[in-house]
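Values below: every heavy atom of this structure, side chains too, minus hydrogens, waters and symmetry copies.
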Amino acid sequence: TCEPGKKVVMIGGGLVGCEAAYSDGEEWYEAMKAYVAANIEYTKEYVEQYLSGVSMTEHEGTYLVWLDCRSLGMDNERLRSFMIEEAGLGLNEGYTFGRSLSGYMRLNAACPRCVLETALNQLKEAVGRL
């Protein structure tokens, strides 16, 4: 974790880090995959329980989650504005990945759980004010 005022020391370079990851990184990699999978499951359960008008698409892999916000009845510009100004979230707009993703927002679940919880709570509060 990062602590205010605490110095961070970086040792080595890209090649050293790459070598360490390939030779000693399996345990970290497996733990990271499990952590992200748990975050994705948490997101799915949270959305189902608390976010009326939003659903999560079936997760297909990676650490990115698609939120289907079409039931909120907003066009892309209004949805973007809502996420930034009312929910305080900078999610990726789905339509930028293709017309079929109009009304969707992309959420990165590869983050500390406390960050994910905060983001989902902010979204819940904003949706509740609609």
Honestly curious: do Ile84 and Leu130 fall in one hydrophobic cluster under the side-chain, below-4.5 Å linking rule? no
Residue set satisfying side-chain hydrogen bond (donor to acceptor under 3.5 Å, both in side chains) with Arg70, at least two apart, ordered chain then number -> Asp68, Tyr104
CD (Glu125) and OH (Tyr50) are apart, to the nearest 0.5 Å, by 12.5 Å
Applying side chain to side chain contact (heavy atoms under 4.5 Å, CB included) to Val115 and not counting sequence neighbours gives Cys111, Pro112
Residue set satisfying side chain to side chain contact (heavy atoms under 4.5 Å, CB included) with Gln122, at least two apart, ordered chain then number -> Leu89, Thr118
Notebook entry, point to check: Would Leu107 and Trp66 count as a side chain to side chain contact (heavy atoms under 4.5 Å, CB included) if you check the C-alpha gap in whole Å, the side-chain angles of each, and the deciding distance to 0.1 Å?
Noted result: CA-CA 6 Å; Leu107 171 79; Trp66 286 104; over 6 Å; no
Contacts satisfying salt bridge (charged side-chain N to carboxylate O under 4.0 Å, His left out) that involve residues 38-49 (not counting sequence neighbours) are none
Side chain to side chain donor-acceptor pair (under 3.5 Å) pairs touching residues 76-100, sequence neighbours excluded, are Asn76-Ser102, Arg78-Glu86, Arg80-Glu93, Ser81-Glu85, Asn92-Arg106
Rounding to 0.5 Å, atoms CE (Met83) and CG (Leu72) come to a distance of 6.5 Å
query: Under 6.0 Å from the OH atom of Tyr63, do we count more than 12 heavy atoms belonging to anything else shown?
result: no
SG (Cys69) and CG (Leu51) are apart, to the nearest 0.5 Å, by 8.5 Å
| query | How about Tyr35 and Trp28: are their ring centres within less than 6.0 Å of each other? | reply | no
Scanning both residues in full, the closest heavy-atom pair of Gly53 with Ser71 reads O-CB, 3.5 Å
Across all chains, not counting sequence neighbours, the side-chain hydrogen bond (donor to acceptor under 3.5 Å, both in side chains) partners of Asn121 are Tyr46
Practice task
Test side chain to side chain contact (heavy atoms under 4.5 Å, CB included) on Leu123 and Leu67 and set out the steps.
Solution key: CA-CA 11 Å; Leu123 183 54; Leu67 300 176; 4.1 Å; yes
- Task: For the pair Asn39 (side chain) and Ala109 (backbone), establish whether a donor and an acceptor sit closer than 3.5 Å, ignoring hydrogens and angles.
- Result: yes
Distance col, row Leu64:CG vs Leu91:CG, nearest 0.5 angstrom, shows 11.0 Å
Next on the checklist: Counting only heavy atoms from other residues, nucleotides and ligands, does the tally under 6.0 Å from CD of Glu27 exceed 12?
Outcome noted: no
Residues Val47 and Met56: closest non-hydrogen pair is CG1-N, 3.8 Å
